[in-house]
Amino acid sequence: MHTTYTIDELESFLIAIFVLFIGHSINRHVRVFRQYNIPEPIVGGLVVAAGVAFLHFQNISLDFSLSLQNTLMLMFFSTIGLSANYKLLLSGGKKVFIFLGVASIYIVIQNAVGVSLANLLGLDPIMGLIAGSITLSGGHGTGVAWSQTFAENYGINTLEFAMAAATFGLIMGGIIGGPVAQRLIGKHNLVSRYGIGRKHHSEHPHLVTYDQLEEDQVTAKTILETLFVLLLCVAGSKWLTLWISQSGIAWLKMPDFVYALFLGVIIANITELTRGYKPHTESIDVIGTVALSLFLSMALMTLKLWEIFDLAIPLLVILLVQTAVLAVFAYFVTFKVMGSNYDAAVITGGHCGFGMGATPTAVMNMGALVSRTGPSPQAFMVVPIVGAFFIDIVNLIVLQGYLSFMK
């Protein structure tokens, strides 16, 4: 008999924090994890997820209550928006479109690899798209949406296949990003132009580092003011999502975290132009780092690892090859095209994250890197904007092209 235990909100939240402590402790004692910047939420989250998987095979399920998970994600993307005033956008805006071009080319390659291997292994080519950009660049949500389409239009049940592929990609995207970027940083002796240390805000008050150990001068007042602005972005993104859904304006329909990000950009630039209230950078940094860490620990600890255990050998082969291809592409192409400098190396780590997993995974990779090697505000502007918004549009166009060719 299968037994399910529901963990309430407080205990679930405590476990999410404990996940970060586990990851920090393991990274502190395992040199290779520390050396290659494997993110703490990945390490701690996999430990807890493995424990949950073990209980699952003993016919015991744990149901975590994590209603704050989406709010934490929206808060984090709001901090990215609040950090992007027009001066920063003007200085790095070109890089957004260059990176979009690189990521778009890779989506074509990713699907070519998936479809080719599916044919070689005797699978339906559609399975190659599932083990391609649908789940790897698109994530769980895109996987669910396309699975419904394939079931309705082609009579193929791909949901379990898609969820397993997306879960595998989320894990591998978090594992390979740090080593690939760290190898580039070490090989080319790259350094952040802001230097390495924990006191960046004393010299660069407008810099957001997303470094857990950054020394910040915050007060209860600045935290409360920043929380108000961030929650305004969160609430606004939910209102916009609801209004657009009800109004039926299809071309404006986007993930809610995109609205949160752009609301943050609007507020940042209005305050910059009016010279009135100015968002407190150090408080944004602290809250954004905490929100991202907790969101990712919640996402990782609730992974259903048994879905990976159920992977058929052909799917596992495709996904392992996809992992290797992305690592090589990011190392040799993304890094070079993005400028072959420190920011390019951090962006490369981010590309590994959302090329195999999701935008939060990309940001997690970059956060682990900059905590050790120094800030890269350009990377934190470029990767989330492309990964959170533009890439979904490109992915849709590329997938439609593949499906038209395959019919």
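Side-chain atoms are counted along with the backbone in the values below, which use heavy atoms only and exclude waters and symmetry mates.
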query: Any side-chain heavy-atom pair from Y402 and V108 closer than 4.5 angstrom?
result: yes
message: Assess the residue pair V370 and F380 against the criterion (side chain to side chain contact (heavy atoms under 4.5 Å, CB included)); give the C-alpha distance rounded to whole Å, side-chain angles, the decisive distance to 0.1 Å, and a yes or no.
response: CA-CA 10 Å; V370 301; F380 276 90; 3.9 Å; yes
query: Looking at CZ of F228 and CG of L232, how far apart are the two atoms once the value is rounded to the nearest 0.5 Å?
result: 5.5 Å
query: Please walk me through it: do L136 and Q322 pass side chain to side chain contact (heavy atoms under 4.5 Å, CB included)?
result: CA-CA 9 Å; L136 301 183; Q322 291 282 28; 3.8 Å; yes
For P41 against S297, the heavy-atom pair lying closest together: CB-N, 4.0 Å
query: Within a strict 4.5 Å, meaning less than it, do heavy atoms of the H280 and E225 side chains meet?
result: no
query: Parallel, tilted or perpendicular: which describes the rings of H56 and W306, with under 30° parallel and over 60° perpendicular?
result: parallel
message: Measuring only between side-chain heavy atoms, which start at C-beta, is F168 closer than 4.5 Å to T323?
response: yes
message: Side chains of H351 and N365, heavy atoms from C-beta outward: is any pair under 4.5 Å?
response: no
message: On a heavy-atom basis, which atom in C233 and which in S78 lie closest, and how many Å separate them?
response: CB-OG, 3.2 Å
Nearest-0.5 Å distance that lies between atom CG in L117 and atom CE in M127: 15.0 Å
- prompt: Just checking, is any N or O donor in the side chain of S133 or N395 under 3.5 Å from an acceptor N or O on the other one?
  reply: yes
query: Which distance, rounded to the nearest 0.5 Å, do you find between the CD1 of I134 and the CZ of F150?
result: 4.0 Å
task: Consider only side-chain N and O atoms of Q110 and S137, and report whether a donor and an acceptor are under 3.5 Å apart.
output: yes
task: Report the C-alpha distance between E40 and S293 in whole Å, list the side-chain angles of each, state the deciding distance to 0.1 Å, and finish with yes or no for side chain to side chain donor-acceptor pair (under 3.5 Å).
output: CA-CA 8 Å; E40 292 172 4; S293 299; over 6 Å; no
message: Test your reading of the model: is there a side-chain donor-acceptor pair from T4 to the backbone of S61, 3.5 Å cut-off?
response: no
query: Rounded to the nearest 0.5 Å, how far does CG of L74 lie from OG1 of T241?
result: 8.0 Å
query: Are the side chains of Q182 and L369 in touch, meaning some heavy atoms are under 4.5 Å apart?
result: yes
query: Has the side chain of S237 got a donor or acceptor atom that lies under 3.5 Å from a matching backbone atom of A260?
result: no
- prompt: When you check the side-chain N and O atoms of Y342 and T373, is any donor under 3.5 Å from an acceptor?
  reply: yes
query: Is the shortest heavy-atom distance from the side chain of T79 to the side chain of L230 under 4.5 Å?
result: yes
- prompt: Between the side chain of N27 and the main-chain N/O of F33, is any donor-acceptor distance below 3.5 Å?
  reply: no
message: Measuring only between side-chain heavy atoms, which start at C-beta, is M366 closer than 4.5 Å to V363?
response: yes
query: Would you say the side chain of M172 lies within less than 4.5 Å of the side chain of L326, judging by non-hydrogen atoms?
result: no
query: Got a second to check how far L399's CG is from I126's CD1, nearest 0.5 Å?
result: 11.0 Å
message: To the closest 0.5 Å, what do you measure between CG (L62) and OG1 (T302)?
response: 11.5 Å
query: Do F354 and T361 pass the side chain to side chain contact (heavy atoms under 4.5 Å, CB included) test, and can you show the C-alpha distance, the side-chain angles, and the key distance before you say yes or no?
result: CA-CA 6 Å; F354 85 73; T361 311; over 6 Å; no
- prompt: Is the backbone of I130 close enough, under 3.5 Å, to the side chain of T135 for a donor and an acceptor to pair up by distance?
  reply: yes
- request: Assess whether side chain to side chain contact (heavy atoms under 4.5 Å, CB included) is satisfied between V286 and T226, documenting all intermediate values.
  value: CA-CA 10 Å; V286 169; T226 305; over 6 Å; no
